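Remarks on the structure that follows.
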Amino acid sequence: MKRVRLGTGAGYSGDRIEPAVELAEAGDIRYLVFECLAERTIALAQLAKRRDPSAGFDPLLADRMAAVLPACRRNGITIITNMGAANPHAAGAAVAAVARSLGLGPLRIAIVTGDDVTEIIRARQDLTIEETGAPVSSLSDNLVAANAYLGAEPIVRALKDGADVVVTGRVADPSLFLAPLVHEFGWAADDWTLMGKGTLVGHLMECAGQVSGGYFADPGYKDVPNLARLGFPIAEVAADGAVTITKVAGSGGLITGATCREQLLYEVHDPARYLTPDVAADFSGVSITEAGPDQVRVDGGGGAARPGSLKVSLGYSDGYIGEGQISYAGPGALSRARLARDIVAERLRIIGVPLRELRLDLIGVDAIHGPELSAAAPEPYEVRLRVAGRTHTLKDAERIGNEVEGLYTNGPAGGGGATKMAKEVIAVQSTLIPRDLVSPQIHMLEVQP
Amino acid sequence: MKLRDLAHSRTGDKGNTSNISVIAYRAEDYARLEAAVTAERVRQHLGTLVQGEVMRYALPGLGALNFVLTRTLGGGVTRSLALDAHGKCLSSAILDLDI
């Protein structure tokens with residue numbers, strides 16, 4: 001039976017680069033997939049593109065391409081990535097520039113667009129926001145960008161057209177991996193079982209090192225070797241959709257039933273209905289078998305008909321956050337940090353900062369899980385006060401950090417290491433739109449020899 | 001005994017909803033987890049951290065439970081004021097449960 005090997009080159013925008021090079025050089029793979037687009041990244045990229053029409057794509061794209069393109073060209077590996085973010089055209093041009101500078105032509109770069117539905121959403125103000133039930137019109141002028149999650153179909157088309165590199169904007173993460181499987185095996189787009197199995201492969205692979213021992217270690221309970229040299233995963237997929245997850249021999253990390261189970265359920269709600277643009281995937285009957293060292297076989301994925309509509313992420317301006325931090329240590333650290341906290345809360349009232357929301361944390365005590373879960377914990381040697389507030393203006397956000405910094409000369413004894421920051425918030429909500437309103441397009445860019 | 005002795009866990013986030021897996025190290029311990037780690041138990045343990053509902057999905061074939069907690073992430077990672085805006089540390093809170 002025909003088999004295809006896919007590797008994951010990145011699981012988020014800032015991910016390590018060398019594991020992708022290792023896969024391209026020694027992974028014996030046919031496709032290398034880079035998933036680099038988090039929920040709100042695309043809205044931030046849209047803002048960057050507005051300021052500079054040549055910006056708005058992944059800032060590490062050129063570095064990643066320069067690192068992997070030589071080995072990918074040598075070994076016949078096709079690259080698929082959503083690093084195009086809000087500007088796939090500019091990202092494609094950047095890939096072409098890297099290829100030219102390294103003398104790596106001929107190269108066909110497919111640019112996938114059509115996910116930007118901002119104008120369509122502006123014209124359909126009646127659509128409902130999933131999280132709140134309010135109409136899209138409630139975001140009014142605060143809407144920054146709307147991007148639909150595309151499925152595998154346009155990437156399959158690009159591969160059919162002979163693309164060596166496929167650059168997209170918003171595409172559902174697992175679809176980046178499903179597409180080469182559909183292309184290689186000729187799977188029918190309405191074979192829901194196969195679409196479900198391919199989506200399962202994509203879901204296991206999309207976070208790169210998170211299935212090969214990254215984000216897993218817990219010393220004494222779950223030990224993982226050589227995490228500083230973590231190997232990124234390879235999926236060896238058969239034409240019937242069965243998959244073995246593995247990695248380059250000698251790389252760091254660990255692939256076991258346990259690492260695969262953790263990743264299988266990561267960001268999943270109902271395991272029997274994992275919705276993507278391609279399928280309602282069913283992971284509930286999956287079985288996981290260790291086939292050898294760092295080799296895990298995953299079977300039993302399935303699926304049902306794809307949803308009738310596409311999910312759209314709505315990036316909107318949601319005011320500002322201001323934050324300040326300062327540390328206390330040694331005897332009495334906790335009581336001085338508590339005093340500092342109470343002073344800042346009172347100061348913000350006295351100077352009248354209009355706060356939409358305020359949060360007062362003692363890092364090392366209650367910042368992560370709140371006061372209830374940490375009530376019985378012993379007193380720490382050092383404590384860091386953190387004050388974070390939501391405001392309507394940047395100026396008000398800055399006043400929060402200033403009040404924390406002011407504790408240096410006006411607060412309890414021994415405060416040190418004060419930091420402050422203020423930022424605009426681009427938040428994300430979602431809506432659903434009919435599929436026929438979205439039409440993905442492909443533009444092919446040729447780099448000559 | 002702590003849940004940590006029998007199971008491992010990972011947290012994921014989508015919008016304002018968190019999901020926490022609880023996975024038995026050994027298949028034979030799954031039934032014990034299924035009986036002890038109920039949705040209500042998780043809700044009680046996390047207290048006011050959960051502002052919405054707790055749902056549980058059972059995956060006996062994987063020896064795993066998947067908990068879905070709505071309105072738990074301060075509006076979601078894109079707008080939360082929390083230090084751990086993803087809620088990634090929630091898995092460690094669950095493993096502290098007494099079994």
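Quick note: numbers below take in every heavy atom, side chains included, and nothing from hydrogens, waters or symmetry partners. As the structure is a prediction and not an experimental result, all values here were calculated from the model. Reminder, nothing fancy here: chain letters follow the sequence lines and each chain counts from 1.
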Next item on the list: Determine, step by step, whether A/Phe283 and A/Leu200 satisfy the side-chain contact (heavy atoms from CB on, under 4.5 Å) criterion, reporting the C-alpha distance in whole Å, the side-chain angles of both residues, the deciding distance to 0.1 Å, and the verdict.
Entry: CA-CA 7 Å; A/Phe283 303 158; A/Leu200 170 61; 3.8 Å; yes
Check: Side chain, backbone, both or neither: which part of B/Ser18 has a heavy atom under 4.5 Å from chain A?
Finding: neither
Check: Hey, mind stepping through A/Ser327 and A/Glu382 against side chain to side chain donor-acceptor pair (under 3.5 Å) and telling me if it holds?
Finding: CA-CA 7 Å; A/Ser327 285; A/Glu382 56 187 61; over 6 Å; no
Next item on the list: Measure distances from B/Ile20 to the heavy atoms of chain A and classify the residue's part below 4.5 Å as side chain, backbone, both or neither.
Entry: neither
Check: Heavy-atom distance under 4.5 Å to chain B: side chain of A/Leu358, backbone, both or neither?
Finding: backbone
Next item on the list: For each of B/Ser21, B/Gly61, B/Cys89, tally heavy-atom pairs with chain A at distances under 4.5 Å, and name the one with the top tally.
Entry: B/Cys89
Item checked: Among A/Glu357, A/Arg390, A/Arg359, residue most engaged with chain B (heavy-atom pairs, under 4.5 Å) -> A/Arg390
Item checked: Contact class of B/Tyr25 relative to chain A, heavy atoms under 4.5 angstrom -> side chain
Next item on the list: Taking only Lys NZ, Arg NE, NH1 and NH2, and the carboxylate oxygens of Asp or Glu, determine whether A/Arg273 and A/Asp270 approach each other closer than 4.0 Å.
Entry: no
Checklist line | Top contributor to chain A interface from B/Ala82, B/Ser92, B/Ala58 [non-hydrogen pairs under 4.5 Å] | finding: B/Ala82
Next item on the list: May I ask you to check whether A/Tyr266 and A/His203 place their ring centres under 6.0 Å from each other?
Entry: no
Check: Between B/Ser91 and chain A, which part of the residue has a heavy atom less than 4.5 Å away: side chain, backbone, both or neither?
Finding: neither
Check: Does a salt bridge link A/Arg386 with A/Glu323, judged by any charged N lying under 4.0 Å from a carboxylate O?
Finding: yes
Next item on the list: Can you tell which part of A/Glu372 gets under 4.5 Å to a heavy atom of chain B, answering side chain, backbone, both or neither?
Entry: side chain
Check: Of the backbone (N, CA, C, O) and the side chain (C-beta and beyond), which part of B/Leu81 lies under 4.5 Å from a heavy atom of chain A, both, or neither?
Finding: both
Next item on the list: Measure distances from A/Arg261 to the heavy atoms of chain B and classify the residue's part below 4.5 Å as side chain, backbone, both or neither.
Entry: both
Next item on the list: Could you tell me which portion of A/Gln263 (side chain, backbone, both or neither) has an atom closer than 4.5 angstrom to a non-hydrogen atom of chain B?
Entry: both
Note to self: Looking at A/Glu262 and A/Lys222, is any side-chain nitrogen of the basic one under 4.0 Å from a carboxylate oxygen of the acidic one?
What the structure shows: yes
Check: What part of B/Leu59 lies closer than 4.5 angstrom to a heavy atom of chain A: side chain, backbone, both or neither?
Finding: side chain
Checklist line | A/Gln210, part contacting chain B, at a heavy-atom distance under 4.5 Å | finding: both
Note to self: Under a 4.5 Å cutoff for heavy-atom pairs, which residue among B/Ile23, B/Val77, B/Thr70, B/Asp84 has the most contacts with chain A?
What the structure shows: B/Ile23
Check: Checking heavy atoms, do the side chain of B/Asn16, its backbone, both or neither come under 4.5 Å from chain A?
Finding: neither
Margin query: Heavy-atom pairs under 4.5 Å with chain A - which of B/Gly87, B/Ala93, B/Gly47, B/Gly63 has more of them than the others?
Written below: B/Ala93
Check: Are A/Arg399 and A/Asp396 close enough for a salt bridge, meaning some N to O gap below 4.0 Å?
Finding: yes
Next item on the list: Output the option from A/Pro271, A/Gly285, A/Ser430, A/Ala43 having the highest count of non-hydrogen pairs under 4.5 Å with chain B.
Entry: A/Pro271
Note to self: Counting the benzene-type ring for Trp, do A/His392 and A/Tyr320 have ring centres under 6.0 Å apart?
What the structure shows: no
Checklist line | Structural part of A/Ile426 lying under 4.5 Å from a heavy atom of chain B | finding: backbone
Next item on the list: Name the region of A/Val428, side chain, backbone, both or neither, that has any atom closer than 4.5 Å to a heavy atom of chain B.
Entry: both
Next item on the list: Could you tell me whether A/Arg341 and A/Asp361 have a side-chain N and a carboxylate O separated by less than 4.0 Å?
Entry: no
Check: Got a salt bridge between B/Asp96 and B/Arg4, using NZ or NE/NH1/NH2 to carboxylate O under 4.0 Å?
Finding: no
Note to self: We want to know whether B/Asn19 and B/Asn66 form a side-chain donor-acceptor pair, criterion being a heavy-atom distance below 3.5 angstrom.
What the structure shows: yes
Check: Would you say the side-chain atoms of A/Tyr221 and B/Asp5 include a donor-acceptor pair closer than 3.5 Å?
Finding: yes
Next item on the list: Give a yes or no on this: more than 12 heavy atoms of other residues, nucleotides or ligands lie within 6.0 Å of atom CZ of B/Arg71.
Entry: no
Item checked: Heavy-atom proximity to chain B below 4.5 Å, by part of A/Ile321 -> side chain
